[in-house]
Amino acid sequence: EELDAAKEWFFDKNSSTLYYQPEDGAEPSDLLFVATSVNNVVEVRDAQSIHFSGITFTQSQSTFLDVYEVPSGGDWSIHRGATFFVEDSEKVSVVNCIFDQVGGNALMFSNAVVDSVVANSTFLNIGDSAMVSLGSTELFDGTVGKGKMPRNNVFQNNLVDTVGVFGKQTSAYFKGVADSNTFENNVIMNGPRAGINFNDGAAGGENMIGNLILNFVRESGDHGMFNSWDRQPFLYTDAKGQTQTSPKVHQIRGNFCFNKNYATNGQTRSGYCMDYDDGSSQYNATNNVFLYGGFKIRDGVNRSHDSNLIV
C-alpha cells in the first residue's frame with residue numbers, strides 16, 4: 001500500500017527488499033538503480049574566468065534531510081549546496097551541460113557570484129531546484145562588508161523538465177537575497193510548486209524575460225507559475241557605492257505562461273500565472289501572455305501592468 005504513485009519506493013528491512021513503482025510504460029529491464037555517495041560534484045570558490053561546456057552531471061545524492069536555511073522573509077527554506085556549486089566567484093560559465101537525475105539542487109550561485117552565465121543547458125528530473133541565486137546578509141544589512149549577493153548573472157536558453165522529485169518547496173529558478181540577475185528565454189515545465197520563486201525583494205532589479213512556463217503547482221492548491229514575497233526590508237549598496245533601502249524594479253516582460261496544469265493525481269487545476277504574495281513590490285509586468293490565469297496582487301507598492309494578454 002506504500003506504492004500508489006510513480007517513482008515511490010519502499011524498503012522492507014525484514015526481507016532486505018527494495019520495492020519501486022516505475023512510471024507508466026517503463027520496462028523493468030530498462031531501469032538502472034545507483035547508490036549515490038556525493039552531494040556536490042563540482043565546487044568553484046573564489047575563482048575567476050572558468051568555463052564548463054558539454055558535461056553531463058548525474059546521480060548526486062539527495063539532500064532533503066540535510067541542513068536547510070531560511071535566507072529571508074519568504075516561505076521557503078533551502079539547502080546551500082548543489083551538484084554544481086559556485087561561491088564568491090566571477091565570470092563562471094556553464095554552457096551546453098546536462099543535469100540528469102541529480103538528488104538536490106542542480107546548480108547554485110552562492111553569495112558574491114557576479115557576471116556569470118548558465119546557458120543552453122538541460123535539467124531533467126531534479127531532486128530540488130534546478131537553478132538558484134542565493135545570497136546572505138547580516139540580519140537585514142546587505143551592504144558591502146555585511147552581505148553578499150549574486151549579481152548581474154544570466155540564465156538563458158535552458159530547458160528544465162521536472163523539478164522537486166524529493167524536495168517540494170522547489171522551482172526551476174529560485175532567487176533569494178540577490179541583485180539584478182536575468183532569467184531569459186528558458187523553457188521550464190513540471191514541478192510541485194512555483195516554476196519561478198522570488199523569496200524576497202532584496203536589492204531588486206531581477207529580469208524575467210521571454211520564458212515559456214507551464215505545468216507547475218502540481219502538488220499544491222496554492223501558488224502560481226511565478227511566486228514572490230517581500231516581507232522584510234534590506235539595505236544594499238548600489239553601483240555608485242550608496243546605501244539603498246528600496247529594491248530596484250523587477251522586469252517581467254514577454255513571458256508565455258500556460259497555467260492549466262496536470263497534477264500528479266491525474267486531475268487538472270488552475271490557479272495564478274503571477275502570484276504577488278505578501279508585500280511584493282517594485283514590479284513592471286509588460287507584454288506577457290497568460291493562459292488559464294492572471295495576476296494575484298496582494299499588499300505591496302509600485303507595481304505596473306500593461307499590454308498583457310490574459311486568456
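Every heavy atom of this structure was used, including side-chain atoms; hydrogens, water molecules and symmetry mates were not.
Using a 4.0 Å cut-off between charged side-chain N and carboxylate O, R231 and D75 make a salt bridge. By the 4.0 Å N-to-carboxylate-O rule, D115 lies too far from K91 to be salt-bridged with it. A salt bridge between E219 and K168 is present, with a side-chain N of the basic residue lying under 4.0 Å from a carboxylate O of the acidic one.
For the pair D278 and D299, the minimum side-chain heavy-atom distance is below 4.5 Å. Residues N259 and F290 have side chains not in contact (no heavy-atom distance under 4.5 Å, counting atoms from C-beta outward). V41 places a side-chain heavy atom less than 4.5 Å from the side chain of S60. Looking only at side-chain heavy atoms (C-beta outward), M131 and N158 come within less than 4.5 Å of each other. Residues V70 and Y68 fail the side-chain proximity criterion, which asks for heavy atoms closer than 4.5 Å. Residues Y292 and M225 fail the side-chain proximity criterion, which asks for heavy atoms closer than 4.5 Å. Side-chain contact between R80 and S136 is present, with heavy atoms from C-beta onward closer than 4.5 Å. You'll find the side chain of V86 stays beyond 4.5 Å of the side chain of S116, heavy atoms only.
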**Message:** Would T182 and Q156 count as a side chain to side chain donor-acceptor pair (under 3.5 Å) here? Give the steps.
**Reply:** CA-CA 8 Å; T182 297; Q156 64 182 183; over 6 Å; no
(request) Decide yes or no on side chain to side chain donor-acceptor pair (under 3.5 Å) for S281 and N302, but give the supporting numbers first. (result) CA-CA 6 Å; S281 300; N302 297 339; over 6 Å; no
Run the side-chain contact (heavy atoms from CB on, under 4.5 Å) test on Y272 and V217 for me, step by step, so that the C-alpha distance in whole Å, both residues' side-chain angles and the decisive distance to 0.1 Å come before the verdict.
CA-CA 10 Å; Y272 308 102; V217 200; over 6 Å; no
Begin with the C-alpha distance, continue with both residues' side-chain angles, and end with the deciding distance and a verdict on side-chain contact (heavy atoms from CB on, under 4.5 Å) for I310 and F295. CA-CA 9 Å; I310 301 175; F295 294 92; 4.0 Å; yes
- side chain to side chain donor-acceptor pair (under 3.5 Å) evaluation trace for N284 with S304: CA-CA 5 Å; N284 173 36; S304 64; 3.0 Å; yes
* **Test log, rule side-chain contact (heavy atoms from CB on, under 4.5 Å), inputs K7 and Y20** => CA-CA 7 Å; K7 297 184 180 179; Y20 178 73; 3.7 Å; yes
Assess whether side-chain contact (heavy atoms from CB on, under 4.5 Å) is satisfied between V118 and F123, documenting all intermediate values.
CA-CA 11 Å; V118 180; F123 299 79; 4.2 Å; yes
Exercise for review: I would like to know whether Y276 and H250 meet ring-ring contact (aromatic ring centres under 6.0 Å, His included); could you show each step before the answer?
Suggested key: CA-CA 12 Å; Y276 296 148; H250 305 286; 9.2 Å; no
Report the C-alpha separation of R298 and D230 in whole Å, then their side-chain angles, then the decisive distance to 0.1 Å, and conclude whether the salt bridge (Lys or Arg N to Asp or Glu O under 4.0 Å) test is met. CA-CA 11 Å; R298 292 193 62 177; D230 193 6; over 6 Å; no
For N199 and S72, run side chain to side chain donor-acceptor pair (under 3.5 Å): C-alpha distance rounded to whole Å, both residues' side-chain angles, the deciding distance at 0.1 Å, then the answer. CA-CA 7 Å; N199 205 56; S72 53; 3.0 Å; yes
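Partner of F52 under the side-chain contact (heavy atoms from CB on, under 4.5 Å) criterion, chosen from N96, V42, V95: V42. For the ring pair (Phe, Tyr, Trp, His ring centres under 6.0 Å) test with F226, the passing option among Y173, F183, F198 is F198; the others fail.
Between N153 atom CG and D179 atom CG the span is 10.0 Å, to the nearest 0.5 Å. Summarising the geometry, atom CG belonging to N215 is positioned 9.0 Å from atom CE belonging to M189; distances are rounded to the nearest 0.5 Å. D277 contributes atom CG, which lies 12.0 Å from atom CD1 of I297 (distance to the nearest 0.5 angstrom). To the nearest 0.5 angstrom, Q101 atom CD is 5.5 Å from T58 atom OG1. Between F258 atom CZ and C273 atom SG the span is 9.5 Å, to the nearest 0.5 Å. Between atom CZ of residue F85 and atom CZ of residue F109 there is a gap of 11.5 Å, rounded to the nearest 0.5 Å.
A side-chain donor-acceptor contact under 3.5 Å links T137 to the backbone of L139. The closest donor-acceptor contact from the side chain of K148 to the backbone of V113 lies at 3.5 Å or more, if one exists at all. Checked by atom type and distance alone, the side chain of N211 never pairs as donor or acceptor with a backbone atom of I213 at under 3.5 Å.
Residues P150 and S133 come closest through the heavy atom pair CG-C, 4.0 Å. Across P192 and G167, no two heavy atoms sit closer than the pair CG-O, 4.3 Å. Nearest approach of N186 to F155, heavy atoms of both residues: ND2-O, 3.0 Å. The shortest non-hydrogen separation linking N190 to D161 is ND2-OD1, 2.9 Å. The two residues R45 and S89 make their nearest non-hydrogen contact at C-OG, 3.6 Å. For the pair P233 and F140, the tightest heavy-atom approach, listed with the atom from each and the gap, is O-CB, 3.3 Å.
When the side chains of ILVMFWY residues are joined at heavy-atom separations under 4.5 Å, either directly or via intervening members, F11 and F33 end up in a single hydrophobic cluster. When the side chains of ILVMFWY residues are joined at heavy-atom separations under 4.5 Å, either directly or via intervening members, F174 and V187 end up in two distinct hydrophobic clusters. Cluster membership for F234 and V249, using ILVMFWY side-chain heavy atoms within less than 4.5 angstrom, is not shared. No continuous path of hydrophobic side-chain contacts links V38 to V34 [ILVMFWY only; heavy atoms under 4.5 Å]. In the hydrophobic clustering of ILVMFWY residues, with side-chain heavy atoms under 4.5 Å counting as a link, V163 and F84 come out together.
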